[in-house]
Amino acid sequence: MTYDPNNVFAKILRGEIPCRQCFTNEFALAFHDIAPAAPTHLLVIPKGGYANFAAFVAEASPAEQAGFWATVATVAAEAGLSDYRLITNNGGDAGQTVHHFHVHILGGKPMSALLP
Ligand code: AMP
């Protein structure tokens with residue numbers, strides 16, 4: 001999928017629209033989801049423009065990928081979470097609505113089984 005630089009997360013990265021930021025470094029930005037599905041619901045996005053998980057794995061450098069995933073763990077730990085769920089929806093049929101790769105961190109309550 002072609003990356004659209006006008007997606008909402010690209011605008012957040014450029015500071016064109018606000019977010020409730022909780023962490024940033026050279027690899028990633030983390031902020032609170034605007035419609036939380038759990039007591040803690042954070043989104044972690046890479047600084048580079050990748051439309052989805054598959055594009056991130058195919059196109060991002062090994063350093064970007066390693067830095068991103070390490071940042072996901074840091075963000076969860078800094079949020080005080082030891083137990084949490086990571087989700088990334090890859091493509092529209094999987095439920096992806098914002099086409100800038102992102103990982104959801106969900107926690108703060110016992111989770112039910114995954115939906116089919
Ligand atoms: P997905 O459906 O996996 O693409 O997830 C997109 C997520 O982005 C949803 O959980 C939305 O609630 C969230 N979201 C959309 N716009 C914003 C925004 N401006 N700030 C924070 N979260 C957002």
Side-chain angles (χ1 to χ4, degrees):
M1 172 178 204
T2 306
Y3 182 75
D4 175 7
N6 286 317
N7 73 74
V8 66
F9 292 172
K11 290 179 179 178
I12 286 174
L13 276 174
R14 291 194 297 267
E16 294 169 6
I17 62 172
C19 71
R20 262 184 77 203
Q21 180 179 317
C22 57
F23 190 87
T24 187
N25 64 15
E26 69 180 291
F27 301 108
L29 173 70
F31 50 93
H32 293 261
D33 196 292
I34 203 167
T40 301
H41 185 172
L42 305 174
L43 299 169
V44 189
I45 68 175
K47 291 278 172 86
Y50 306 101
N52 54 29
F53 169 73
F56 180 67
V57 169
E59 299 166 17
S61 70
E64 280 178 282
Q65 296 191 41
F68 177 81
W69 290 113
T71 303
V72 172
T74 297
V75 169
E78 291 213 346
L81 299 174
S82 57
D83 297 4
Y84 51 88
R85 178 173 289 170
L86 301 181
I87 295 174
T88 187
N89 297 321
N90 190 81
D93 282 357
Q96 185 176 5
T97 58
V98 179
H99 297 282
H100 179 112
F101 169 52
H102 53 281
V103 171
H104 299 252
I105 301 175
L106 296 153
K109 68 169 188 180
M111 301 281 171
S112 60
L114 282 173
L115 294 171

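The structure displayed is predicted, hence computed values, not measured ones. As the structure lists them, so they are numbered: ligands from 1, and atoms in each ligand from 1.
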Show every donor-acceptor pair shorter than 3.5 Å between a side-chain atom in residues 46-54 and any protein atom, with sequence neighbours excluded, or say none if there are none.
{"unit_1": "Lys47", "atom_1": "NZ", "unit_2": "Thr24", "atom_2": "OG1", "d": "2.9"}
{"unit_1": "Lys47", "atom_1": "NZ", "unit_2": "Asn25", "atom_2": "O", "d": "2.5"}
{"unit_1": "Tyr50", "atom_1": "OH", "unit_2": "Glu64", "atom_2": "OE1", "d": "3.1"}
{"unit_1": "Tyr50", "atom_1": "OH", "unit_2": "Glu64", "atom_2": "OE2", "d": "2.8"}
{"unit_1": "Asn52", "atom_1": "OD1", "unit_2": "Ala54", "atom_2": "N", "d": "3.2"}
{"unit_1": "Asn52", "atom_1": "OD1", "unit_2": "Ala55", "atom_2": "N", "d": "2.8"}

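- Side-chain contact between Asp83 and Met111: absent, with no pair of heavy atoms (C-beta onward) separated by less than 4.5 Å.
- Ring to ring, Phe9 and His99 are not that close: their centroids are 6.0 angstrom or more apart.
- Using bins of under 30°, 30° to 60° and over 60° for the plane-to-plane angle, the ring pair His104/His41 lands in the tilted bin.
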I'd like the atom pairs linking ligand 1 to the protein - N or O on both sides, separation under 3.5 Å - with distances to 0.1 Å.
{"unit_1": "ligand 1", "atom_1": "2 (O)", "unit_2": "Gly95", "atom_2": "O", "d": "2.9"}
{"unit_1": "ligand 1", "atom_1": "2 (O)", "unit_2": "Thr97", "atom_2": "N", "d": "3.4"}
{"unit_1": "ligand 1", "atom_1": "2 (O)", "unit_2": "Thr97", "atom_2": "OG1", "d": "2.9"}
{"unit_1": "ligand 1", "atom_1": "3 (O)", "unit_2": "Asn89", "atom_2": "ND2", "d": "2.8"}
{"unit_1": "ligand 1", "atom_1": "3 (O)", "unit_2": "His102", "atom_2": "NE2", "d": "3.0"}
{"unit_1": "ligand 1", "atom_1": "3 (O)", "unit_2": "His104", "atom_2": "NE2", "d": "2.9"}
{"unit_1": "ligand 1", "atom_1": "4 (O)", "unit_2": "Thr97", "atom_2": "N", "d": "2.7"}
{"unit_1": "ligand 1", "atom_1": "4 (O)", "unit_2": "Thr97", "atom_2": "OG1", "d": "3.2"}
{"unit_1": "ligand 1", "atom_1": "4 (O)", "unit_2": "Val98", "atom_2": "N", "d": "3.1"}
{"unit_1": "ligand 1", "atom_1": "4 (O)", "unit_2": "His102", "atom_2": "NE2", "d": "3.0"}
{"unit_1": "ligand 1", "atom_1": "5 (O)", "unit_2": "His102", "atom_2": "NE2", "d": "3.0"}
{"unit_1": "ligand 1", "atom_1": "5 (O)", "unit_2": "His104", "atom_2": "NE2", "d": "3.2"}
{"unit_1": "ligand 1", "atom_1": "10 (O)", "unit_2": "Asp33", "atom_2": "OD1", "d": "3.3"}
{"unit_1": "ligand 1", "atom_1": "10 (O)", "unit_2": "Asp33", "atom_2": "OD2", "d": "2.5"}
{"unit_1": "ligand 1", "atom_1": "12 (O)", "unit_2": "Asp33", "atom_2": "OD1", "d": "2.6"}
{"unit_1": "ligand 1", "atom_1": "22 (N)", "unit_2": "Ile34", "atom_2": "N", "d": "3.1"}

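- Counting non-hydrogen atoms of other residues, nucleotides and ligands closer than 6.0 Å to CZ of Arg14 gives a total above 12.
- No side-chain heavy atom of Val44 sits less than 4.5 Å from a side-chain heavy atom of His102.
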